[in-house]
Amino acid sequence: MGTVAENIEIIRARIRAALERAGREPGSVRLVAVSKRQPLEAIREAMAAGQVLFGENYLQEAHDKVLAIDQGVAWHCIGHLQSNKARIAAEIFDCIETLDRLKLGKALESRLAELGKTMPVLIQVNVGGEAQKAGVAPHEAAQFCRDLQQFPHLIVQGLMTMPPFVDDPEESRGCFRQLRLLGEELAAQGLLGRQGPVELSMGMSGDFEVAIEEGATLVRVGTALFGER
Ligand SMILES: *Cc1c(COP(=O)(O)O)cnc(C)c1O
């Protein structure tokens, strides 16, 4: 594996190529550098290479990093978030990609209202229907969006998914496509994307190109960028 800077260049080139194959606009995908369990040094290397968006899974770790880095970058929460941690999450993150329960939405809303801050959020959808994975079922997503409309500080911007683990990324294509179709359906009902385009967060180190071909606007890449954790 190369340096973080070299890896980022390679990933950017692969993103561009996937966009071109899919006939999509250059620049229509944002790279979320997944920095969980990586040291600050690695984050600073990525920043030096122009990376401005990071994804973190664990609240305490994210809190420490946000305080240490403090400026110039945006942080997405991509891990399971407990409602009792929502207050801090509302303070430190720029987007919660893993909203999957009304209780969590309510806890975020309460702190955001105090802060006078709105927050883009994505709804985590369990497209594969796996019992061990978080996320709302696809058929529950529309009602969940409607329920979230009572929370004016949450801007429901799109959907996020983690497909079942497979060896061949082609096997995830169906899940990615399903998320895009669900996103289109919800957007047509006016339930997504009140500010700007609908976001679809899907694709990780092993399958981000397939996800881009299927419409991802955010890809969450850790290992291919920073190396093993
Ligand atoms: C860890 C993680 C990633 C990054 O996975 P890699 O395979 O290391 O790229 C992406 N999304 C979520 C939700 C994660 O927890």
Side-chain angles (χ1 to χ4, degrees), residues 1-15 18 29-39 42-43 45-46 49 51 53-63 65-66 73-82 85 89 92-101 104 120-136 157-173 175-176 178-180 183 199-229:
M1 246 180 102
T3 64
V4 167
E6 288 165 353
N7 296 341
I8 287 191
E9 275 317 310
I10 292 166
I11 292 163
R12 285 180 184 148
R14 288 171 60 187
I15 290 173
V29 169
R30 287 186 293 158
L31 171 62
V32 181
V34 176
S35 46
K36 64 171 173 236
R37 292 195 229 109
Q38 297 293 343
I43 295 176
E45 274 179 68
Q51 181 64 29
L53 177 54
F54 293 88
E56 286 282 343
N57 291 62
Y58 310 107
L59 192 80
Q60 188 56 53
E61 181 184 340
H63 195 189
K65 286 173 172 171
V66 171
V73 295
W75 301 90
H76 284 199
C77 175
I78 64 166
H80 181 73
L81 187 57
Q82 291 169 275
K85 307 268 173 69
I92 66 172
F93 286 112
D94 299 283
C95 172
I96 308 287
E97 294 200 9
T98 49
L99 185 57
D100 63 351
R101 298 164 341 268
L104 175 60
V121 296
L122 307 184
I123 292 170
Q124 183 171 0
V125 183
N126 187 358
V127 176
E130 294 171 282
Q132 75 277 20
K133 283 228 172 93
V136 302
Q157 205 58 61
L159 307 176
M160 176 272 204
T161 200
M162 288 239 280
F165 182 80
V166 289
D167 286 324
D168 178 0
E170 279 300 327
E171 289 179 49
S172 298
R173 189 179 289 278
C175 272
F176 295 146
Q178 230 182 303
L179 195 76
R180 171 169 47 85
E199 299 277 11
L200 293 176
S201 176
M202 54 190 197
M204 321 201 300
S205 289
D207 56 14
F208 68 86
E209 287 147 308
V210 173
I212 290 170
E213 289 167 12
E214 294 302 328
T217 65
L218 291 161
V219 290
R220 310 178 307 268
V221 179
T223 314
L225 204 162
F226 292 114
E228 292 296 330
R229 291 180 284 272

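Please read these numbers as outputs of a predicted model, since none were measured by experiment. Each ligand, and each atom within it, is numbered from 1 in the order the structure gives.
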Atom CG of Asp167: over 12 foreign heavy atoms under 6.0 Å: no

Quiz question: by atom type and distance under 3.5 Å, do the side chains of Thr223 and Glu228 form a donor-acceptor pair? no

Using the rule side chain to side chain donor-acceptor pair (under 3.5 Å), only one of Arg37, Lys36, Lys65 pairs with Glu56; which is it? Lys65

Within the 6.0 Å centroid threshold, strictly below: Phe54 and Trp75: yes

Please determine which of Gln51, Glu9, Gln38, Glu45 meets the side chain to side chain contact (heavy atoms under 4.5 Å, CB included) test together with Val4. Glu45

Going from CD on Glu209 to CD1 on Ile15, what distance comes out if it is rounded to the nearest 0.5 angstrom? 8.5 Å

Which protein residues come within less than 4.0 angstrom of ligand 1, counting heavy atoms only? Val34, Lys36, Asn57, Ile78, Met160, Met162, Met204, Ser205, Arg220, Val221, Gly222, Thr223, Arg229

